Amino acid sequence: MAFLNRLGGALRQGVAQNNLGNGWMSNSPVLNSVRCMSTKLFVGGLSWNTNDDTLGSAFSSFGEVTEARVIVDRDSGRSRGFGFVNFTTEESASSAMSAMDGQELDGRNIRVSFANERPPGPRGGGGGYRGDGGFGAGYGGGSNDY
C-alpha cells in the first residue's frame, strides 16, 4: 500500500510539473515508467474463434507466456472479444505490445496495451432487485399517512 501511495504522489507531482496543457502527461517519464511496470497485456478486438491456446501461441514468440486467457460470456460461453496475456518479464510484454498492436489475429486487427489492474475490494453491479418487493422504495412500500 505504501508503494501505491508513493506512486500516486509521484503522478500528482508529474501532473503539477507538466502544465497539463500539452496532452495530459503523454511524454512524462513518470507515466512511461508506470506503463512499463507490468507483465500483463490487454488484447482487444479478438475474433470469436480465438481461444486461450491460439492467443498464447500468437504471443509466445516474444517471450515465455505464463498465462493467456480469452474472456468469455458466462451465459453463452462465447468470447467477449478481449483477453489477457501474461509474460515472465516486462521486456517480453513491452516488445509484444509494440509488435502486435494493430496486427491481424484470426482475421481481426487486434489492439494491445498494458493491462490496468483492478482495484482491490468488492465490485459493484448485480442489478437493482433488493428482495423486499421493490427496486427503489418508491412503489408499494411505505405508509399511507397523508
Side-chain angles (χ1 to χ4, degrees), residues 1-16 18-141:
M1 194 63 172
F3 169 76
L4 293 176
N5 288 335
R6 277 188 261 143
L7 179 62
L11 285 173
R12 281 190 295 279
Q13 184 179 17
V15 168
N18 216 3
N19 212 0
L20 288 181
N22 42 350
W24 173 245
M25 289 181 52
S26 58
N27 294 324
S28 168
V30 172
L31 187 58
N32 288 333
S33 67
V34 170
R35 279 188 192 138
C36 295
M37 288 174 33
S38 178
T39 59
K40 186 175 189 177
L41 297 179
F42 167 84
V43 184
L46 294 175
S47 164
W48 285 344
N49 297 323
T50 304
N51 61 31
D52 295 350
D53 293 332
T54 57
L55 182 62
S57 295
F59 283 84
S60 64
S61 63
F62 301 99
E64 184 180 345
V65 173
T66 59
E67 181 183 31
R69 176 170 296 163
V70 175
I71 306 303
V72 296
D73 182 79
R74 76 179 132 209
D75 295 328
S76 69
R78 187 168 25 170
S79 168
R80 294 187 58 198
F82 68 94
F84 298 94
V85 179
N86 288 354
F87 287 91
T88 55
T89 67
E90 295 171 5
E91 294 79 19
S92 298
S94 181
S95 65
M97 183 186 74
S98 298
M100 293 295 288
D101 188 35
Q103 298 300 310
E104 187 175 306
L105 178 63
D106 288 337
R108 303 270 319 247
N109 288 337
I110 59 173
R111 296 175 314 280
V112 182
S113 61
F114 285 109
N116 295 325
E117 292 296 324
R118 285 187 173 172
R123 296 193 318 253
Y129 181 70
R130 297 187 320 203
D132 62 358
F135 285 91
Y139 301 105

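This chain uses plain numbering: 1 for the first residue, then up along the sequence. Just so it is clear, the model here is predicted, and its values are computed rather than measured.
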Engineer: Evaluate the criterion side chain to side chain contact (heavy atoms under 4.5 Å, CB included) for residue pair Leu41 and Phe114; output intermediate values, then yes/no.
Structural biologist: CA-CA 4 Å; Leu41 297 179; Phe114 285 109; 3.7 Å; yes
Engineer: How close do Ala115 and Ser38 get, counting heavy atoms only, and between which atoms?
Structural biologist: O-OG, 4.3 Å
Engineer: Give, for atom CG of Leu46 and atom CZ of Arg111, the distance between the pair rounded to the nearest 0.5 Å.
Structural biologist: 8.5 Å
Engineer: Which side-chain N or O atoms in residues 55-64 pair as donor and acceptor under 3.5 Å with protein atoms at least two apart or in another chain?
Structural biologist:
residue : atom : partner : partner atom : Å
Ser57   : OG   : Asp53   : O            : 3.0
Ser60   : OG   : Ser57   : O            : 3.0

Engineer: Side chains of residues 95-107: which donor-acceptor partners sit under 3.5 Å, not counting sequence neighbours?
Structural biologist:
residue : atom : partner : partner atom : Å
Ser95   : OG   : Glu91   : O            : 3.3
Ser95   : OG   : Ser92   : O            : 3.1
Ser98   : OG   : Ser94   : O            : 3.1
Asp101  : OD1  : Val112  : N            : 2.9
Asp106  : OD2  : Thr50   : OG1          : 2.6

Engineer: Looking only at heavy atoms, what is the nearest atom pair of Arg108 and Gly45, with distance?
Structural biologist: CB-O, 3.3 Å
Engineer: Would you tabulate the side-chain donor-acceptor contacts of residues 70-86 under 3.5 Å, counting partners in other chains and residues two or more places apart, or write 'none'?
Structural biologist:
residue : atom : partner : partner atom : Å
Asp73   : OD2  : Asp75   : N            : 3.0
Asp73   : OD2  : Ser76   : N            : 2.8
Asp73   : OD2  : Ser76   : OG           : 3.2
Ser76   : OG   : Arg78   : N            : 3.2
Ser79   : OG   : Gly81   : N            : 3.0
Asn86   : ND2  : Glu67   : OE1          : 3.4

Engineer: Any heavy-atom pair between the side chains of Thr39 and Thr89 that's under 4.5 Å?
Structural biologist: no
